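To start, the structure under review is shown below, and the notes come after it.
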Amino acid sequence: MIKDKIQKLAATIFNDVVGYRQHIHANPELSFKEFETSKFVKEKLTNWGIEFTDCANTGVVGLIKGDLPSDKVIALRADMDALPILEDSNKPYASKSQGVMHACGHDVHTSSLLGTAYIINQLREEFGGTIKLIFQPAEELLPGGASIMIKEGVLENPKPNYIVGQHVMPLIESGKVGFRSGIYMASTDELYVTVTGKGGHGAQPHQNIDPVLIASHIIIALQQIVSRNADPRLPSVLSFGKVTANGATNIIPNEVKIEGTFRTLDEDWRAEAHKRMKKMAEGIAEAMGGSCDFDIHKGYPFLINEEQLTANARLFAEEFLGKENVVELDIWMAAEDFSFYSQVTDACFYRLGTGNAAKDTQYSVHTPKFDIDEDALKISTGLMAYIALKQLGN
């Protein structure tokens with residue numbers, strides 16, 4: 001059976017995949033700068049005789065063609081970039097790059113896809129169709145490496161019928177995976193707001209136009225966009241995480257800068273919310289004697305898991321791991337640039353459990369203490385290989 005062969009190959013490659021992950025983790029690279037990681041991936045593919053091409057500067061696209069007749073194509077995606085976070089760890093594989101850390105598990109995704117590539121390459125005689133391996137840069141930084149790779153033709157020549165990706169999830173116990181059909185993750189937009197007034201002495205507010213007060217009214221008022229304008233059945237999030245005034249106890253500054261994020265799960269409402277936020281902020285500033293520049297950097301769209309593909313992938317996961325090890329996911333208001341792929345072709349994005357209280361690996365992604373239970377790598381490689389070959393009809 002193909003399942004047994006995959007599981008044996010996954011066990012064979014496991015220690016190597018752990019080594020790949022620790023090497024990549026110790027040598028993290030920021031978005032669009034994944035030069036050494038890209039080189040590492042190419043070396044492994046070359047050693048295994050897997051053909052590849054470059055894409056989006058540091059991206060790598062491998063191809064494995066089965067020996068049996070089939071024109072079906074499935075793409076498997078892993079992201080490679082790290083985050084500007086100072087790691088808090090005494091592990092031997094902790095980051096060697098000060099202030100740069102694989103805090104979102106992209107080291108896991110890349111090493112796992114390498115392991116999957118090894119497994120599939122060993123089984124060429126067993127399947128028909130083509131596996132496209134997408135090692136993608138810059139998931140963490142707008143405009144997102146996925147959007148660039150798509151523009152450069154990663155979903156062409158050959159054109160995938162499906163694309164599958166996996167992502168670590170410390171909230172799920174290691175050894176389990178999670179799926180959700182339909183809309184799964186939110187769109188994301190970055191908000192950059194500059195409120196301008198007239199600065200002066202804090203003891204003479206009547207002679208000034210206070211941008212701090214105007215900004216405060218804007219921040220509070222904009223929450224009404226979610227609480228009173230959004231359909232309550234539609235998740236929306238508006239959060240401001242940075243406010244800079246640069247005045248003093250007795251100095252009213254000339255301007256205040258605000259930065260935030262807006263997230264939702266509907267493109268029509270997303271566009272409407274943009275208009276409402278801009279109009280409200282500018283109106284409040286004008287009414288209070290100042291002005292407001294409301295700049296929206298449109299980010300990733302919402303992520304949708306195609307119903308049939310995801311149902312199939314979940315069934316294959318149950319076959320491979322046992323039904324008790326496959327869980328249902330809730331909507332997740334974080335964002336992922338895998339969403340760009342999901343807007344173009346049938347996609348499935350699932351979660352790989354990495355949490356283990358005994359091993360202290362339950363810290364959230366994007367935190368200095370994030371780490372994984374490496375036993376998760378026992379299933380990450382084989383499961384993706386099994387999903388890919390079964391979806392191709394093998």
Side-chain angles (χ1 to χ4, degrees), residues 104 139-144 146-147 180 182-199 208-247 252-305 329-340 342-343 349 364-366:
C104 200
E139 187 280 324
E140 299 287 358
L141 188 66
L142 295 182
S147 69
R180 182 181 184 85
I183 294 174
Y184 172 42
M185 298 182 71
S187 62
T188 179
D189 301 306
E190 295 179 357
L191 310 179
Y192 297 92
V193 185
T194 300
V195 179
T196 303
K198 179 184 176 184
N208 309 316
I209 298 172
D210 189 348
V212 178
L213 183 62
I214 297 172
S216 300
H217 279 277
I218 288 173
I219 290 173
I220 293 171
L222 284 177
Q223 295 302 322
Q224 297 176 44
I225 299 294
V226 173
S227 67
R228 286 298 175 266
N229 296 123
D231 187 326
R233 297 167 296 180
L234 175 63
S236 297
V237 172
L238 175 60
S239 298
F240 291 100
K242 185 175 182 180
V243 180
T244 306
N246 281 333
I252 294 173
N254 285 315
E255 67 177 24
V256 173
K257 292 186 178 294
I258 311 168
E259 297 180 15
T261 182
F262 178 70
R263 299 160 186 258
T264 189
L265 297 169
D266 181 90
E267 290 299 311
D268 290 337
W269 162 239
R270 181 187 188 189
E272 176 66 19
H274 289 180
K275 295 177 184 177
R276 287 180 177 270
M277 286 189 289
K278 184 177 177 66
K279 184 177 180 180
M280 180 179 286
E282 291 175 348
I284 290 171
E286 182 180 359
M288 297 180 71
S291 63
C292 175
D293 178 37
F294 202 100
D295 188 19
I296 301 173
H297 291 192
K298 191 173 181 180
Y300 308 155
F302 68 85
L303 192 157
I304 183 166
N305 282 329
L329 298 171
D330 286 330
I331 285 173
W332 187 255
M333 292 305 288
E336 237 283 351
D337 81 344
F338 186 86
S339 58
F340 284 113
S342 79
Q343 299 286 328
F349 192 66
S364 175
V365 295
H366 289 225

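One is the number of the first residue; the rest follow in order along the sequence. Remember, it's a predicted structure, so these values are computed and weren't measured experimentally.
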Task: Least distance between heavy atoms, Ala186 atom then Leu265 atom - done: CA-CD2, 3.4 Å
Task: Residues, nucleotides or ligands: over 12 heavy atoms within 6.0 Å of Glu259 CD - done: yes
Task: Chi angles and distances behind the side-chain contact (heavy atoms from CB on, under 4.5 Å) call for Ser147, Asp337 - done: CA-CA 7 Å; Ser147 69; Asp337 81 344; over 6 Å; no
- [ ] Return the set of residues passing side chain to side chain contact (heavy atoms under 4.5 Å, CB included) with Ile209 (not counting sequence neighbours), or none when no residue passes.
- [x] Lys198, Ile214
Open item on the list: If the condition is salt bridge (Lys or Arg N to Asp or Glu O under 4.0 Å), which residues does Asp210 pass it with, not counting sequence neighbours?
Closed with: none
Task: Residue pair Gln343 / Pro301: nearest heavy atoms and the distance that separates them - done: CG-CG, 3.8 Å
- [ ] For residues Leu142 and Gly299, report the shortest heavy-atom separation together with the two atoms involved.
- [x] CD2-CA, 3.5 Å
TODO: May I ask you to test the Val243-Ile219 pair for a side-chain heavy-atom distance under 4.5 Å?
DONE: yes
- [ ] Any chance you could measure Ile331, atom CD1, to Leu303, atom CG, to the nearest 0.5 Å?
- [x] 12.0 Å
Considering only distance and modelled atom types, tabulate donor-acceptor pairs under 3.5 Å from the side chains of residues 232-242, sequence neighbours left out.
from, atom 1, to, atom 2, distance (Å)
Arg233, NE, Asp231, OD1, 3.1
Arg233, NE, Asp231, OD2, 3.4
Arg233, NH2, Asp231, OD2, 2.8
Ser236, OG, Thr264, OG1, 3.3
Ser236, OG, Trp269, NE1, 2.9

Task: Approximate separation, where rounding is to 0.5 Å, of Arg180 CZ and Met185 CE - done: 12.0 Å
Task: Atom pair CZ/CD of Phe294 and Glu282 - distance to nearest 0.5 Å - done: 8.5 Å
Open item on the list: With side-chain contact (heavy atoms from CB on, under 4.5 Å) as the criterion, how do Glu336 and Tyr300 come out once you've worked through the C-alpha distance, each side chain's angles and the decisive distance to 0.1 Å?
Closed with: CA-CA 7 Å; Glu336 237 283 351; Tyr300 308 155; 5.6 Å; no
Open item on the list: Testing the basics here: between Ser291 and Ala285, what is the closest heavy-atom pair and its distance to 0.1 Å?
Closed with: C-CB, 3.6 Å
TODO: Kindly write out the residues that satisfy side chain to side chain contact (heavy atoms under 4.5 Å, CB included) with Asp189, not counting sequence neighbours, or none if the list is empty.
DONE: Phe262, Arg270, His274, Ile296, Lys298
TODO: Give the intermediate values and the outcome of side-chain contact (heavy atoms from CB on, under 4.5 Å) for residues Phe349 and Asn305.
DONE: CA-CA 6 Å; Phe349 192 66; Asn305 282 329; 3.6 Å; yes
Open item on the list: So, taking the atom named OG in Ser339 and the one named CD in Glu139, what distance separates them when rounded to the nearest 0.5 Å?
Closed with: 8.5 Å
Task: Between CD on residue Glu286 and SG on residue Cys292, distance to nearest 0.5 Å - done: 11.0 Å
Task: Partners meeting ring-ring contact (aromatic ring centres under 6.0 Å, His included) with His297 (sequence neighbours left out) - done: Tyr192
Task: All salt bridge (Lys or Arg N to Asp or Glu O under 4.0 Å) counterparts of Glu255, not counting sequence neighbours - done: Lys257
- [ ] Taking all heavy atoms of Ile218 and all of Ile284, pick out the closest pair and write down the distance.
- [x] CG1-CG2, 3.8 Å
TODO: Would you mind reporting whether His366 and Glu140 have side-chain heavy atoms less than 4.5 Å apart?
DONE: yes
Task: Check: Thr188 and Thr261 side chains under 4.5 Å, non-hydrogen atoms - done: yes
Open item on the list: Whether the side chain of Asp293 engages the backbone of Thr194 through a donor-acceptor N/O pair (distance < 3.5 Å, no angle test) should be reported.
Closed with: no
Open item on the list: So, taking the atom named CD1 in Ile304 and the one named OH in Tyr184, what distance separates them when rounded to the nearest 0.5 Å?
Closed with: 14.0 Å
Task: Nearest heavy atoms of Ile225 and Asn229, plus distance in Å - done: O-CB, 3.2 Å
